[in-house]
Every structure is written in structure tokens, then in C-alpha cells.
J.: 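Below you will find the structure I want to go over with you.
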Amino acid sequence: MFLLADCNNFYVSCERVFNPSLRDRPVIILSNNDGCAVALSNEAKALGVPRGAPLFKWRDFLLKNNGVWLSSNYTLYGDMSRRVMDILSSFSEDCEVYSIDEAFLRIDISDEKTIQKIARELIETVYKYTGIPLSVGSANTKTLAKAANHYAKKTAKTGFACITPANRESMLQQIPVSQIWGIGYRHDKLLKSHGVNNALQFTKLCETWIKKRMSITGLRTHKELNGTPCIDLQHVPPSRQSIVSSRSFGTPVSSFNLLNESIHEYGYRAAARMRSMKLVCSSLSVYLCTNRFKDEPQYSNSASVSLEYPTNSSRTITYQAEVILKAIYRSGYKYKKTGIMLHGLIENSEQQMSLFEKKDYMNRDEKLMSVMDSINRRYGSKSVILASEGISRNWQMKREFLTPSYTTRWSDIPLVKVESNKMF
DNA sequence: TCTGGGGTCCTAGGACCC
DNA sequence: TCTGGGGTCCTAGGACCC
């Protein structure tokens, strides 16, 4: 059986652990740039605030309803996630950390009562040690376990639900097809137009039709919902295919020089991430675009380049990125976003030897990068940067409502005051 | 004024090879 | 003028996930 353990409203829950005044109130967590809601508390959902709601449209409404909004604090969420995952993986060696707030576990038990006991223990232990509420769904396929989890969150009071051959049809009938793992906005619309609204109706569709309209991935979802396992647990995370670094600007940017600075910063960051994973890339691409929500001239473009030698040097990456940017940049537009993507990732140690000797500057670059990385590790990121990243930064993203890094920065660790006469 | 960032996989079509 | 069969690789676009 698969168990899917999923943290409830994870980002909001992380904030509530350290700020109890956020409990029982509508809380939304904002995207980068404080743009729109990426996570919501149950109270906010109950008020009808949708995921993706732009803050500027909902600010007054939230104020009226005692609501709170916060910038996303990924340092905090990442650290809390690690703590939760440590606990979950102690319950089963067959554990796949699927995302920042959920993990699949496999257990060799099919007895519903026993599974329920394990689930309860999971929920209690995670809450006791981290303060994060958890929901658990179980079934014999991953897709059904996800569906059970959805049911557990929406309907079950205990935070646990199990889908078995006996109750499968009645459970699936209560779950909208759009909530099924693997069925997104497009396929939901397609299915609705064919009269399919709940997950049970979807399981009754003909396989050839699904294969034709929803490809092999849709067919896999179909089989999994019917109880045939098609998606296995992934113990070892698959090797990385690409690395992306991009940001929207706080204010629109037109000048080439400022765009160039942003691309250098993202290029530096992407290459540093690559180095921390001990990878090198063999090609990269750069893109830019204007604001699609604005009624003004639109332009977007991207281009890529293959590298002579695979590399993870921030200097080479940013140099090449600038070459691409020059080629696709057009003046006269207000740009909203730029980004860089690294492709053809391979392990540094598995690098194909070149026919020609490495150039001298490449060896010097490697040393330089490792020195920069160690300085930034020790004294905090951006202690040293490339001059080409620029220092003006007036385009940088907004994070006006950021909470402290309660668990990862010495100065932010909460103080607990205890009155001494009450201690004994 | 203000609408995120970072990923994966599948398919079709074009260009090319023998 | 007629015109086969079997491939690979690359890219763009579309779908999905968190």
C-alpha cells in the first residue's frame, strides 16, 4: 500500500508555528514580488479567495475580514520541510519525498485498521515535533493515495482516508475530476465537455479514447484510478534535466544595461546551484518578455547557445548569456521578466574529455568559483558578486511582508521567556 | 502601481541519414 | 516519370506537477 502524507496549507502552517496570532484567521502567502497568493489558510479559502489572487485586488477584502498577507519565506519553509521529511522517512525505508510538503511511503501491510494506526501515528508525531498538521491518504496506487488524501482533507475529520476495492467507487464519485493528480485545467475542460465531472465517471471512459486525447500519461492516470499500479515509488531522485533562474522585476525595465545586470545575477545564481549539485551544463538559453497583463506593446523572445566545453563557471555562463541577450534585445519595450535556463546537465565527474586541452583560463576559473562559493557559504550569499551583476538593484523584487528566518539565522531565533518561580 | 518560480514529460513535425 | 522503408535528432508547443 502507498501512503501519501501531505502537510495542510504548508506555508501558512509554517508561519503559524512561530506566530500563533495567525491561527483561526484568513492568511495568504504571497508569490515573489508580493504579487499573488500562492498558499491560503482554510479561513481564506472559505472566504472565497482563490489561489493566484493578486494582492492588489484583494487587499481591502482581506482587511475587512481580519486577514493577513505575508511574503513567502522559502528559507523557513525549506527548513521546516526537511524536519517533516526526516520524521516521515523514519517510518518507512520506502519513502519518496515528492515535493516540499508531501511524501509517498510504501508499506507491506494491507489491513485497513493497521494502516489507520500508522497514519494516526504519523500525524501525531509530525505535529508533536514540528507543529505542522498533516493529512494522510492510502491506497494500492499512488494516484488513488493522492485521491484518498484529497478526501481526507476535505471530508474526513481524522485527517486520514483509505481507498479500498470495497469503497473505491463511492469515494471517487465524491471527488471532482479536476482534483485528480495528473488532470489539469485543460483536460478538466475537455472531460467536462464530454459530461465527465467526477473521478468515477472518468474511470468508466474507454481506454483508446483517453490514449488519443490525453496521451499515455492520461491513460496511466486512468489505470491507476482503476486500481492497477503504473507509477512506482522513486527512491532516488532522477537526474536533473535543467536549471532555471528567473525573476519578475519590481518595476518595468527598458534599458539594456539593467536587463544585462539581471541576467548576470541569474546566471551567477544558476551556475552556483549547478556547482552545488556537482553538475556542468553544455548549453544555455536566455529569454525576456514584457508584461502580458498590460495594454502596451508586447515582445518576448528566447535563444540558446551550445558551449564549446561543458562548464559550471559563472563567468562563462554569464558571458554567453550576455551574447544571447544582445541578440534578442529590442529597445522600446517595458520588460517584466528575464530568465536563464541551463540544459544538457551532466555530472562533473562524468564529463567527456575534450579533444583539445582545457584552456588555461578555465582552470583558473574553477579555482575562482570555488573561492567565491566558499566565501558566500561562510559570510552569506552575495558577500561577493560579479561586478557585472551591478549594484544599483532598483529593479529587484519586493518582499515587504517577510517574516524572520526563525530556524536558520541566529539573530532570528525566537526567545522564550519563563518566569522562574513557575518553573518548579 | 500591484498578477511567481521552478520543474517534468509527451507528441507532432521537420530535417536529415541510409 | 515513376517513387519505399526504416531510422535518428531536434524543436516547439502543450500538457502536467508543486
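The sequence lines fix the lettering, A, B, ..., with proteins before strands; numbering per chain opens at 1. Given the structure is predicted, the values throughout are model-derived calculations rather than measurements.
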J.: Would you say A:D101 and A:S99 are linked by a side-chain donor-acceptor pair, where the criterion is simply a distance under 3.5 Å?
T.: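 Yes.
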J.: Using a 4.0 Å heavy-atom cut-off, does A:L55 contact any base of the nucleic acid, only the sugar-phosphate backbone, or nothing at all?
T.: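 If one applies the 4.0 Å heavy-atom cut-off, A:L55 turns out to touch nothing in the nucleic acid.
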J.: Categorize A:D34 for me: base, sugar-phosphate, or nothing, with a 4.0 angstrom heavy-atom threshold over every strand shown.
T.: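 No contact.
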J.: Using the ring of each side chain (for Trp, its six-membered ring), is A:Y11 parallel, tilted or perpendicular to A:Y74, with breaks at 30° and 60°?
T.: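 Perpendicular: the ring planes of A:Y11 and A:Y74 meet at over 60°.
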J.: Is A:R275 positioned over the aromatic face of A:Y268, cation under 6.0 angstrom from the ring centre and no more than 45 degrees off axis?
T.: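 A:R275 over A:Y268 ring: yes.
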J.: Between A:K45 and A:N9, is any side-chain donor less than 3.5 angstrom from a side-chain acceptor?
T.: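 Yes, A:N9 and A:K45 have a side-chain donor paired with an acceptor closer than 3.5 Å.
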J.: Describe the nucleic acid contact of A:Y74 in one word from base, sugar-phosphate, nothing, applying a heavy-atom distance below 4.0 Å.
T.: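 Base contact - A:Y74 has a heavy atom under 4.0 Å of at least one base atom.
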J.: Looking for any heavy atom pair under 4.0 Å, which part of the strands does A:I29 touch: base, sugar-phosphate only, or nothing?
T.: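 The answer is nothing, as A:I29 stays clear of every strand by at least 4.0 Å.
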J.: So, A:Q298 and A:Y333: side-chain donor and acceptor under 3.5 Å apart, yes or no?
T.: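 No, no side-chain donor-acceptor pair sits under 3.5 Å.
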J.: Need to verify one output field. Residue with the more 5' nearest nucleotide on DNA chain B, A:F293 or A:S246?
T.: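 Of the two residues, A:F293 wins.
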J.: Name the nucleic acid region contacted by A:K337, choosing base, sugar-phosphate or nothing; use a 4.0 angstrom heavy-atom cut-off, strictly under.
T.: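 Sugar-phosphate, backbone atoms only, no base.
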J.: Reckon A:R213 touches a base, only the sugar-phosphate, or nothing at all at heavy-atom distances under 4.0 Å?
T.: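 Here A:R213 touches no strand at all.
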J.: Which part of the nucleic acid does A:S242 contact within heavy-atom distance under 4.0 Å: base, sugar-phosphate only, or nothing?
T.: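 Sugar-phosphate, no base atom in range.
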J.: Nucleotide range of DNA chain B contacted by chain A, 5' to 3', under 4.0 Å to a heavy atom?
T.: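 Using the under 4.0 Å cut-off, the span is B:dC2 to B:dT11.
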J.: Suppose you measure atom C1' in B:dC17 against the same atom in C:dG4; what distance do you get, rounded to whole Å?
T.: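 Result for the C1' pair: 15 Å, nearest Å.
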J.: Is A:R399 touching bases, backbone alone, or none of the nucleic acid, heavy atoms closer than 4.0 Å?
T.: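 If one applies the 4.0 Å heavy-atom cut-off, A:R399 turns out to touch nothing in the nucleic acid.
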J.: Look at all strands and tell whether A:L30 reaches a base, only sugar-phosphate, or nothing, counting heavy atoms closer than 4.0 Å.
T.: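 If one applies the 4.0 Å heavy-atom cut-off, A:L30 turns out to touch nothing in the nucleic acid.
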J.: For DNA chain C, produce a single dot-bracket line, 5' to 3'. Pairs: Watson-Crick or G-U wobble, both distances under 3.5 Å. Symbols: ( ) within strand, [ ] crossing, | other strand, . unpaired.
T.: ....||||||||||||||
J.: Base, sugar-phosphate, or nothing: which does A:K189 touch, judged by heavy atoms less than 4.0 Å apart?
T.: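 Since no nucleic acid heavy atom lies under 4.0 Å of A:K189, the category is nothing.
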J.: Indicate whether the side chain of A:D79 and that of A:T408 have a donor and an acceptor atom separated by less than 3.5 Å.
T.: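 Side-chain D/A pair, A:D79 to A:T408: absent.
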J.: Please classify the nucleic acid contact of A:K146 as base, sugar-phosphate, or nothing, using heavy-atom distances under 4.0 Å.
T.: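 Sugar-phosphate contact only - A:K146 comes under 4.0 Å of backbone atoms but never of a base.
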J.: How far apart are the closest heavy atoms of A:S71 and A:D34, and which atoms are they?
T.: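 A:S71 and A:D34 have their closest heavy atoms at OG-OD1, 2.7 Å.
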J.: Is the shortest distance from a Lys or Arg side-chain nitrogen in A:R16 or A:D24 to a carboxylate oxygen in the other one below 4.0 Å?
T.: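 Looking at A:R16 and A:D24, the cut-off is not met.
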J.: Take A:F56 and A:R240, find for each the nucleotide of DNA chain B with the closest heavy atom, and name the residue whose nucleotide sits nearer the 5' end.
T.: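 Final value for this comparison: A:F56.
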J.: Strictly by modelled atom types, are A:S381 and A:N376 linked by a side-chain donor-acceptor pair under 3.5 Å?
T.: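 There is no such pair between these side chains.
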